[in-house]
Amino acid sequence: MNLTGNDLKNIGFAEGKALGLALQIMEQQYQTMSTGDKLVLLKGVFEDPSAYVNDVKLSALAHELLKPGDDTIPLNVAGKPYQIYGADAIEQGALSQMETAMKLPVTVAGALMPDAHQGYGLPIGGVLATQNAVIPYGVGVDIGCRMCMTVYNLPVTALTEKKEEFKKLLVNNTRFGMATFNKPKDHEIFERKAFSELGIAREMKDRAWQQIGSSGGGNHFVEFGIVEILDPVNEFNLAPGRYVALLSHSGSRGLGANIARHYTKIAMDTCKLPQEAKHLAWLDLDTEAGQEYWLAMNLAGDYASACHHQIHERMAIGLRETPLAMIENHHNFAWKEKDAAGNELIVHRKGATPAGKGVLGIIPGSMATPGFIVRGKGLAESINSASHGAGRTMSRTKAKQTILQGHVNKFLKEAGVELIGSGLDEAPMAYKDIHQVMGYQQSLVGVLGSFMPKIVRMCGDAKFQEVD
DNA sequence: ATGTTC
C-alpha cells in the first residue's frame with residue numbers, strides 16, 4: 001500500500017509544502033522501502049530535522065521542516081538573563097534548553113537548579129516564570145510529582161531489630177509499576193467536578209480510581225529511614241534527635257501523564273514555535289484550553305497528593321502510630337505567584353522544590369545517600385526555588401550498561417540499606433553527590449533535618465509481572 | 001514519567 005498524506009499527518013506533519021515534499025521524496029527515492037519503514041524514517045526526520053540536513057536524499061525535506069512557517073511565533077533574539085546554581089556540574093544540553101526558554105516572548109524570568117539535566121522542552125531542574133501562559137512541558141509529564149514524609153515517635157533501633165516487619169509493611173502497603181491494590185481506598189477527590197467535567201479526566205477516572213495509593217516506576221520510591229532533626233527551633237516542636245520516618249516519592253500516575261499528553265498536543269498545535277523551542281509551546285490562560293489545563297493540572301496535583309496520603313495512612317495503621325509531623329511538596333507543577341513588584345506570574349517548576357521564605361520541602365538524595373528537610377530562604381533570583389534532588393550524572397541507559405550489581409550491593413551494605421526492587425539505573429552512583437548539590441544551594445534553603453534511607457522499596461525490573 | 005508509540 002502506498003503512503004498517504006493522512007499517514008504523514010498521523011506522525012505530526014501538517015498540511016503544506018513539507019508534507020508534499022515528503023510524499024514525493026518517498027515515491028522517487030525510496031521505491032523499495034516498505035510503508036512502515038518509510039513512516040519510521042519520516043517520523044525521525046520530522047522529530048529532528050537538523051540531523052538530516054546533510055542527508056543526500058532527505059536534505060531538502062529537513063530544510064523545509066526547519067523553515068519557520070507563516071504562523072511560527074519568533075523567539076526573542078536575546079534571551080533574558082537567568083541565575084544558574086552549580087553551573088560546573090550541569091550538562092550543556094540543560095543549559096542550551098534553558099537559554100531557549102529564556103527567549104520565549106512570554107518568559108519573564110528563569111533559574112536553573114544545581115540538579116539540572118536535559119529534558120523535553122524545559123530542562124529538569126528548570127524554573128520558568130511567564131506572563132499569563134502555561135507550558136505543559138514546563139510542568140512535565142508527571143504532573144504533581146512530589147515528596148511526602150511522616151515522622152514517628154519510634155526508636156530508630158526498631159529499623160534494624162524489626163527489619164523484617166518493616167519490609168513486610170512496605171510490601172503489603174505499596175504497589176509499584178503495573179501493580180495496584182485489589183481494593184483501592186476511595187477518596188473524596190473522585191467527587192471533584194473537574195473529574196466529570198474535563199473530558200480527559202473523565203476518560204481517566206476509572207484508571208485513576210484503580211491506581212490511587214500506588215507508586216510508579218523509575219525514580220519513585222517508598223522508604224523507611226532515620227530522620228535527624230538538626231534545627232532546635234522547628235515548625236513541629238520536635239526535639240533535636242533521631243526519629244523513624246517514612247518518605248515517599250511519586251506523582252499522578254496515568255491520570256497526569258494523559259492530561260500532560262493531551263494538553264501538550266493542543267499547545268503544540270496552536271502555538272507554533274521554531275524547531276528548537278517547539279516543546280515549549282504554551283497555552284494562553286485566557287483561552288478555554290489554557291483554563292482547562294490549569295484545572296486538570298490542579299486535579300492531577302491533588303490526586304498525586306491523595307496517593308501519598310493513602311500510602312502514609314496505610315503505613316500509620318500498620319505501625320499503629322500517629323505521625324508527629326508531615327512534610328510534603330510538589331516538585332513538578334506550576335503556580336500563580338507574585339513577583340517583588342506585585343505582578344502575577346505563572347511559575348513553572350519542573351523538578352524544582354518551592355523555596356519561598358519559610359516554606360518547608362524535602363530534597364531526597366538517592367536510595368543509599370541522605371536527603372534533607374529544607375526551609376526556603378525566599379531568594380528572588382532563584383524564583384523561590386531549590387533543587388528537587390541530587391540530579392542524575394548518568395543516563396538510565398548508561399547506568400544499566402556500566403554499573404555492576406556487585407558494586408551496588410556493596411554500596412548498599414556499607415550504607416546499611418535494605419532494598420526491595422529497583423534496577424541499576426537508580427543506583428547511587430548514577431546520581432550527583434547530594435552534599436555537593438546542597439552546597440551549591442546554601443543561599444536558597446536552610447537545612448532543618450536530614451533523612452537517611454534504611455529500608456527502600458522501588459519498582460522491580462519485572463514490573464509487568466509484579467505480584468504481591 | 002506513561003498499559004513506556006494514537
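Within every chain, numbering begins at 1; the chains are lettered A, B, ... in the order of the sequence lines, protein sequences first and strands thereafter.
- Note on Arg261(A): every side-chain N or O is 4.0 Å or more away from OP1 and OP2 of dT2(B).
- His330(A) has its NE2 atom 15 Å from the C1' atom of dA1(B), to the nearest Å.
- Nucleic acid contact for Gly254(A): sugar-phosphate only, since backbone atoms but no base atoms lie under 4.0 Å from a heavy atom of the residue.
- In this structure, His262(A) atom NE2 and dA1(B) atom C1' are separated by 19 Å, rounded to whole Å.
- Between the CZ atom of Phe46(A) and the P atom of dT5(B) there is a distance of 17 Å, given to the nearest Å.
- Across the protein-nucleic acid pair, Leu39(A) atom CG and dT5(B) atom C1' stand 12 Å apart, rounded to whole Å.
- To the nearest angstrom, C1' of dA1(B) lies 10 Å from NE2 of His331(A).
- Within the 4.0 angstrom heavy-atom criterion, only backbone atoms of the sugar-phosphate kind lie near Gln211(A); the bases stay farther away.
- One can place NZ of Lys265(A) at 17 Å from P of dT5(B), the figure rounded to the nearest angstrom.
- Where His220(A) and Lys43(A) each meet DNA chain B at their nearest nucleotide, the meeting point lying more 5' is that of His220(A).
- Regarding contacts with the backbone of dT2(B), every side-chain N or O of Asn258(A) stays at 4.0 angstrom or more from both OP1 and OP2.
- Ring pair Trp335(A)/His330(A) is tilted by interplanar angle, where 30° to 60° counts as tilted.
- Taking atom CG on Leu122(A) and atom P on dA1(B), their separation rounds to 16 Å, with Å as the unit.
- As rounded to whole Å, 15 Å separates atom C1' of dC6(B) from atom CE of Met268(A).
- In this structure, Arg192(A) pairs ionically with Asp302(A), as a charged nitrogen and a carboxylate oxygen lie closer than 4.0 Å.
- Among all heavy-atom pairs drawn from Leu112(A) and Ala94(A), the shortest one is CD2-O, 4.3 Å.
- With values rounded to the nearest 0.5 angstrom, Met113(A) atom CE is found 8.5 Å from Ser387(A) atom OG.
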